[in-house]
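Sequence lines set the chain letters: A, B, ... in the order given, protein chains first and strands last, and positions in each chain run from 1.
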There are 2 protein chains.
Amino acid sequence: MTHLLVVDDEQDMVDLVTMYLENAGYTVSSALSGEEAEEKLKELKPDLILLDIMMPGRDGFAVCEAIRSYSDIPIIFLSARGEEWDKVRAFSLGGDDYIVKPFSPGEMTARIQAVLRRFGSSTDKRETIQHQTLLIDIHSRAVKVDGTAVGLTMKEFDLIVLLAKNRGRIFSREELLETVWGTEYRGGTRTVDTHIKTLRMKLKHEGASIETVWGIGYKFVDGTI
Amino acid sequence: MTHLLVVDDEQDMVDLVTMYLENAGYTVSSALSGEEAEEKLKELKPDLILLDIMMPGRDGFAVCEAIRSYSDIPIIFLSARGEEWDKVRAFSLGGDDYIVKPFSPGEMTARIQAVLRRFGSSTDKRETIQHQTLLIDIHSRAVKVDGTAVGLTMKEFDLIVLLAKNRGRIFSREELLETVWGTEYRGGTRTVDTHIKTLRMKLKHEGASIETVWGIGYKFVDGTI
DNA sequence: AATAAGTGTGAAGATTATTTGAAAAAGACG
DNA sequence: CGTCTTTTTCAAATAATCTTCACACTTATT
């Protein structure tokens with residue numbers, strides 16, 4: 001299991017990123033300052049660090065520089081759009097990539113995967129989700145029902161993965177929008193309904209596994225109850 | 001002029017090996033880490049890599065594995081006597097030979113010549129990729145569809161090899177640019193689209209194996225899920 | 001049973017990404 | 001230096017996806 005460390009001084013941002021990443025299948029720890037980050041790095045030995053640049057006290061660059069004196073762990077910088085910062089400096093200090101806020105869950109996980117792959121640390125083992133005749137390959141984003149391939153769009157795929165990974169858990173439309181669409185989405189919640197509809201249709205008989213929880217949201221059936 | 005790349009984290013060892021090899025008439029470049037090695041590989045396109053196994057961060061095995069996903073360049077491992085390492089693993093990861101430190105200049109050049117000779121006689125190691133009626137011979141850079149030769153340009157060939165070697169894996173345009181074009185490329189990502197277009201056209205019906213992953217990038221079909 | 005609130009569905013419209021053709025730019029080669 | 005090939009750029013056309021909306025339908029409440 002890949003273990004990530006999120007470093008940001010804003011608790012809200014930490015919570016958001018953590019949610020994104022946990023849904024993508026990562027184990028996530030967090031730190032609210034550079035000092036805490038270095039402690040947790042030594043203690044927990046994560047596989048990658050997501051490091052905010054703008055922090056009170058020691059900023060992300062300083063933290064990166066300190067870490068680089070004793071560790072080669074991959075570091076991805078986070079920076080708010082419009083913030084003054086130096087891309088060249090980020091890389092010259094040993095950063096491996098950078099992500100500009102606001103970012104979508106998809107972009108974030110794609111970049112993390114790319115960096116981990118570059119480092120060879122992620123054993124690119126094939127990760128799949130299976131439920132009866134439904135088979136989902138997360139990395140190649142391929143879906144099969146009864147052995148035949150089903151073409152899903154990006155949102156549809158992210159939706160079914162989120163639901164199927166958390167069987168039995170009920171998601172409100174707002175939760176689904178926040179996790180799959182991202183925080184910057186400003187539209188109606190009925191959009192979710194439409195995507196659920198097409199998903200059910202495309203997944204044929206397996207579509208019945210997506211259940212409506214009246215008045216609350218949707219869930220993927222949990223076979224254990 | 002044969003061009004070698006020496007990868008070792010110890011500057012002294014790099015200097016020593018470089019001296020040996022330059023005296024033997026080779027052009028020598030060096031890298032002090034796996035990341036640097038991959039950058040220089042793309043940039044300088046050496047003929048052979050001498051790769052130290054014991055390095056902090058990514059060790060030689062990890063670097064070799066990463067390189068093998070897109071390149072067939074001969075790799076000779078370097079290892080210190082008494083170091084714990086697995087000869088079988090070295091070869092299974094795609095290594096071509098190994099040399100135990102300390103070594104004499106004579107031993108080193110002899111082994112390099114042996115490996116280069118083995119690779120030079122293209123019939124010796126014929127590596128091919130096959131998918132239905134598509135046949136790719138990596139060393140002669142020849143491509144056939146339905147038994148008839150297809151003329152690909154350099155970029156087109158590198159692209160199809162990268163994609164076909166990693167079936168099912170989704171590559172973003174940025175990743176493709178970085179791996180095929182190299183890190184110093186500074187142009188638009190639409191260039192990739194154009195090359196994909198001509199590839200699909202030239203590969204005729206096999207062109208359908210290159211699938212668009214909408215909103216993310218491209219992948220070569222993987223029937224195996 | 002009547003009512004209110006929530007959900008399903010099909011179609012249309014808006015949005016975004018990709019494909020494609022053509023042409024310019026950059027290299028390769030004699 | 002001109003010619004040929006390869007690579008890159010660009011914008012219009014196409015295609016895929018996402019969103020909205022109206023209306024039918026279902027479920028819960030009184």
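If you run side chain to side chain contact (heavy atoms under 4.5 Å, CB included) between A:Ile73 and each of A:Asp96, A:Asp47, A:Leu5, A:Ile67, only A:Ile67 comes through.
In this structure A:Asp97 satisfies the side chain to side chain donor-acceptor pair (under 3.5 Å) test together with A:Arg111, sequence neighbours excluded. By the side chain to side chain donor-acceptor pair (under 3.5 Å) test, B:Ser71 pairs with no residue at all, sequence neighbours left out. Applying the ring pair (Phe, Tyr, Trp, His ring centres under 6.0 Å) criterion to A:Phe171, with sequence neighbours excluded, gives no partner residue. Listed by chain and number, the residues in a salt bridge (Lys or Arg N to Asp or Glu O under 4.0 Å) with B:Glu35 are B:Arg58 (sequence neighbours excluded). Checked against side chain to side chain contact (heavy atoms under 4.5 Å, CB included), B:Glu36 has the following partners two or more places apart in sequence or in another chain: B:Ala31, B:Leu32, B:Ser33, B:Lys40. Annotation: ring pair (Phe, Tyr, Trp, His ring centres under 6.0 Å) contacts of A:Tyr218 (sequence neighbours excluded): none. The side chain to side chain donor-acceptor pair (under 3.5 Å) test applied to A:Thr212 returns A:Arg200, not counting sequence neighbours. Not a single salt bridge (Lys or Arg N to Asp or Glu O under 4.0 Å) links A:Lys197 to another residue, sequence neighbours left out.
Heavy atoms of A:Ile216 sit under 4.0 angstrom from primed sugar atoms or phosphate atoms, though from no base atom. Within the 4.0 angstrom heavy-atom criterion, only backbone atoms of the sugar-phosphate kind lie near B:Tyr218; the bases stay farther away.
We find that CZ of A:Phe157 is positioned 13 Å from P of D:dC18, with the value rounded to whole Å. Atom P of nucleotide D:dT17 and atom NZ of A:Lys155 are separated by 11 Å, given to the nearest angstrom. As rounded to whole Å, 8 Å separates atom C1' of D:dT6 from atom CD of B:Glu156. Computed from coordinates, the B:Asp193 CG to D:dT14 C1' distance equals 14 Å when rounded to whole Å.
Within a heavy-atom distance below 4.0 Å of DNA chain D, the residues of residues 194-212 of chain A found are A:Thr194, A:His195. For DNA chain C, the residues of residues 184-191 of chain A within the heavy-atom distance limit of 4.0 Å (strictly under) are A:Arg190, sorted by number.
Between A:Leu152 atom CG and B:Trp214 atom CH2 the span is 15.0 Å, to the nearest 0.5 Å.
Without hydrogens or angle criteria, B:Glu156 side chain to B:Thr153 main chain gives a donor-acceptor distance under 3.5 Å.
A 4.0 Å heavy-atom criterion places the boundary nucleotides of DNA chain C facing chain B at C:dT16 to C:dG21, written 5' to 3'.
Contact check, B:Trp181 against D:dT8: a side-chain N or O comes under 4.0 Å of OP1 or OP2.
Summary for the helix from C:dA1-D:dT30 to C:dG30-D:dC1: the axes at its two ends, each from 5 pairs, differ by 30° when rounded to the nearest 10 degrees.
By the 6.0 Å and 45° rule, B:Lys42 does not stack over the aromatic ring of B:Tyr185.
The minimum heavy-atom distance linking A:Pro74 with A:Val115 is given by the pair CB-CG1, 3.7 Å.
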